[in-house]
Amino acid sequence: MNKLLLSIAMIVCSIMLQAQPLRFYSVVSLMNGESDFVTDSNTIVTLPTWGYGWNAGGASVMTVPGPTIYANEGDSVHLQMSNPSMEGHTIHLHGLDVDEANDGVPHHTGFILEGESFTYKFKATHAGNFLYHCHVTTTMHLALGMYGKVIIYPDDSTNTFYPNGPTFDQQYEFLLSDLDARWNKDYTRIGSFLSYAPDMFLINGKNKSISYADTSNVMHGQQGDQLLMRFLNVGYRVNRVVFPSEVKAVVHTSDGRVLDEAFTTDTLIIYPGERFSVLAEILDESPSYVRIDWLDPYRLSYLGCEYIPLNNDDFSFIPYEEDNSLTDSIALATFSEKRVVPNFKVYPNPIGEAVVVASDVELREFILTDLSGSMVFKCPAKLQTVQMITLGDLSEGLYVLSATTVSGELLTERLIKL
Amino acid sequence: MRRLLFIGLLLFSLVVSAQDEVDVYIVEGKVDAGGPKIPFFTFNTRDQFDSTNAIFTFPLGIAVTFNVTNLVDFTCGFEVRGWGSIDAIPSNESRSLTLTFDESGTFLVQDPIGDHRALGLGTMLVVSDFDGAEYYGVFNEHEPDWIEAIAEGGSYNRNIYHPDAFTINGFGFPRTKSDARSMIMGNVGDTIRVHMLNAGQMYHFPHWHGYHVTIKKASHHKNYIGWSKDSYGLAPGETMMVELVPDKPGRYPIHNHNLVTTTVGGNYPGGMMMHMHIHE
């Protein structure tokens with residue numbers, strides 16, 4: 001009886017397996033690419049890149065990012081990587097929850113060396129946005145361009161992005177990354193990996209005018225349209241996506257999983273490795289743009305930005321700057337949280353030898369720094385909302401008084417000593 | 001190796017678990033993250049320097065008295081965030097603090113004075129009624145210029161921060177693989193709980209290979225709670241508790257996806273990378 005049941009189960013499994021489509025992709029890992037980028041001075045610079053490409057007409061073609069891997073939920077996917085380059089490489093399927101053999105971690109399963117190939121296999125279990133990248137000397141190989149997207153669609157062939165989810169009218173994929181031009185210019189002279197200082201901020205491997213000339217990096221829609229924006233951060237810096245008032249943006253998925261409750265926001269923080277799907281309804285079809293900021297992991301200070309034009313075919317880069325001296329890691333809001341800024345007043349200003357500090361929250365400590373950031377004064381605060389502190393005989397100049405609240409938030413006020 | 005890890009975990013549990021009185025020492029030494037040794041300060045349960053901060057674990061409902069002795073040459077403090085603090089412990093003096101832990105969770109322990117946490121004085125306290133396997137990862141980075149300036153009363157620019165070592169529980173990879181607190185060992189079907197803390201000054205971004213985890217608690221990114229994630233952010237000072245139930249065997253890294261931090265001495269691999277080993 002048990003043998004009969006087992007046989008029936010095996011037959012059913014075989015039929016089910018045969019019914020699941022097999023997607024086959026073939027890529028090559030290359031170290032001899034080139035891409036154009038736009039510098040801050042608005043000139044075009046061609047930089048060497050590494051990455052994944054494909055064979056076409058007997059030659060290898062490489063782009064940054066590499067070719068996007070598409071599949072439907074339930075598909076089996078085979079991704080063959082051939083390596084004609086002189087260093088070992090792998091593919092790590094980021095977020096796809098693969099087994100150890102297909103995880104691409106060289107200290108567990110080795111490198112794909114020059115002349116070798118390997119076929120990575122995975123089951124597309126969840127619709128969503130995923131990444132792939134090289135995991136050999138990852139800090140460098142990924143930064144030089146060895147990455148790409150994996151997009152899994154639901155299998156119901158409708159305009160949804162997860163089973164039984166809402167529908168979209170147009171969809172866009174935005175792979176966000178950063179690049180240190182010095183590293184790409186000559187990877188043999190990188191030196192310490194601690195030196196990474198990105199100066200190019202990329203959307204699908206392009207920036208500024210090159211990005212706006214790429215039709216896949218410019219969104220279009222009419223009032224009432226639902227635009228699906230897939231955001232994937234493969235860089236080493238934090239992305240802050242700022243949506244315009246012309247759309248109502250609702251976040252539905254994160255890391256290839258549907259959120260229990262979708263949420264509406266005008267700002268979305270995307271940390272390195274994270275992915276989100278956002279459905280944005282066009283409220284006003286006037287030309288506008290989504291701004292993407294790149295923030296440093298320390299204090300989330302502003303590094304630079306890029307734009308995704310919306311109904312805006314003549315878009316050109318808009319310079320944007322933020323005053324990093326006023327940012328603080330604790331104080332910044334994340335997602336749709338709106339920061340409630342406590343009152344913090346210091347008077348008189350210009351200051352004398354003593355000042356009165358008034359706040360509507362209890363403070364823990366005061367630190368006075370000069371414009372170079374050097375600490376010139378420090379004292380504990382009294383647990384009261386109005387207090388006088390004696391600063392002493394300071395030399396003329398500008399100072400910043402920082403106060404730490406009992407909840408750890410940092411409040412600052414610029415002071416002038418005449 | 002597994003036997004050694006087990007013995008280490010047992011000894012660790014004996015030291016800091018289920019006690020109602022704990023001696024804590026604030027000590028100074030050097031940490032070896034694989035590159036040049038850098039100055040470091042830690043909370044230890046012995047009066048000798050150990051580069052790995054003690055991680056305090058207690059059962060739910062217990063009252064604990066912390067007898068904190070400051071063995072460094074400047075005034076320090078001791079705070080269990082959300083529970084209570086000793087604001088100032090002068091050099092070579094002791095103070096006590098009694099707390100009753102009537103809520104489970106993952107909490108930050110730190111010296112709350114100024115930027116003293118950047119000295120290394122940040123660790124984790126876990127109150128638990130969980131009967132499965134629990135693991136712990138304190139993510140931290142080390143900026144020798146800051147540490148020297150803070151400890152010696154000098155000045156430093158808070159807008160400039162260039163840490164050159166990155167650790168989990170005081171270890172950089174591959175030493176993390178020998179740390180019983182962060183080396184996750186389990187079987188398919190187990191419910192595994194992992195507590196994480198960012199004791200540093202910058203954001204860190206754990207990425208899990210092989211698995212999504214369910215975020216059960218988060219002290220800053222409260223919007224994450226209940227989400228299934230493979231990558232997320234840990235804000236400075238943030239604690240997070242995650243769970244997973246493995247469905248396949250294998251060895252999987254968990255590392256910071258700001259890949260500059262997975263280096264040691266500026267070289268890859270190293271730094272903030274811990275591992276999980278799941279058996280059938």
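All values reported here derive from a predicted model rather than from experimental measurement. Reminder, nothing fancy here: chain letters follow the sequence lines and each chain counts from 1.
A parallel orientation is assigned to the rings of B:His207 and A:His94, their planes being inclined by less than 30° (bins at 30° and 60°). Between A:Phe276 and B:Trp227, the ring planes are perpendicular. Angles over 60° get that label, and only those under 30° would be called parallel.
With a threshold of 4.5 angstrom between heavy atoms, B:Met273 approaches chain A through side-chain atoms but not through N, CA, C or O. Proximity to chain A is absent for every atom of B:Pro174, based on heavy atoms less than 4.5 angstrom apart. In this structure, chain A has a heavy atom under 4.5 Å from the backbone of B:Asn267, while its side chain stays farther away. Only the side chain of A:Leu142 comes within contact range of chain B, with heavy atoms under 4.5 Å apart.
By the 4.0 Å N-to-carboxylate-O rule, A:Asp255 lies close enough to B:Lys229 to be salt-bridged with it. Taking the charged nitrogens against the carboxylate oxygens, B:Asp115 and A:Lys378 have no contact shorter than 4.0 Å, which rules out a salt bridge.
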message: Checking A:Tyr271 against B:His204 for the ring-ring contact (aromatic ring centres under 6.0 Å, His included) test, could you report, in this order, the C-alpha distance in whole Å, the side-chain angles of both residues, the deciding distance, and whether it holds?
response: CA-CA 9 Å; A:Tyr271 294 122; B:His204 295 299; over 10 Å; no
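Ranked by heavy-atom pairs under 4.5 Å with chain B, the first of A:Arg237, A:His92, A:Glu365 is A:His92. Most heavy-atom pairs under 4.5 Å with chain B, from the set A:Ala101, A:Ser192, A:Gly256: that is A:Ser192.
Checked against the 6.0 Å centroid criterion, the rings of B:His277 and A:His108 do not qualify as a close aromatic pair. B:His255 and A:His135 have their aromatic ring centers within a separation under 6.0 angstrom.
Put simply, the side chain of A:Arg299 does not reach to within 4.5 Å of the side chain of B:Met202, judged on heavy atoms.
Within a 6.0 Å radius of NZ in A:Lys121, no more than 12 heavy atoms belonging to other residues, nucleotides or ligands are found.
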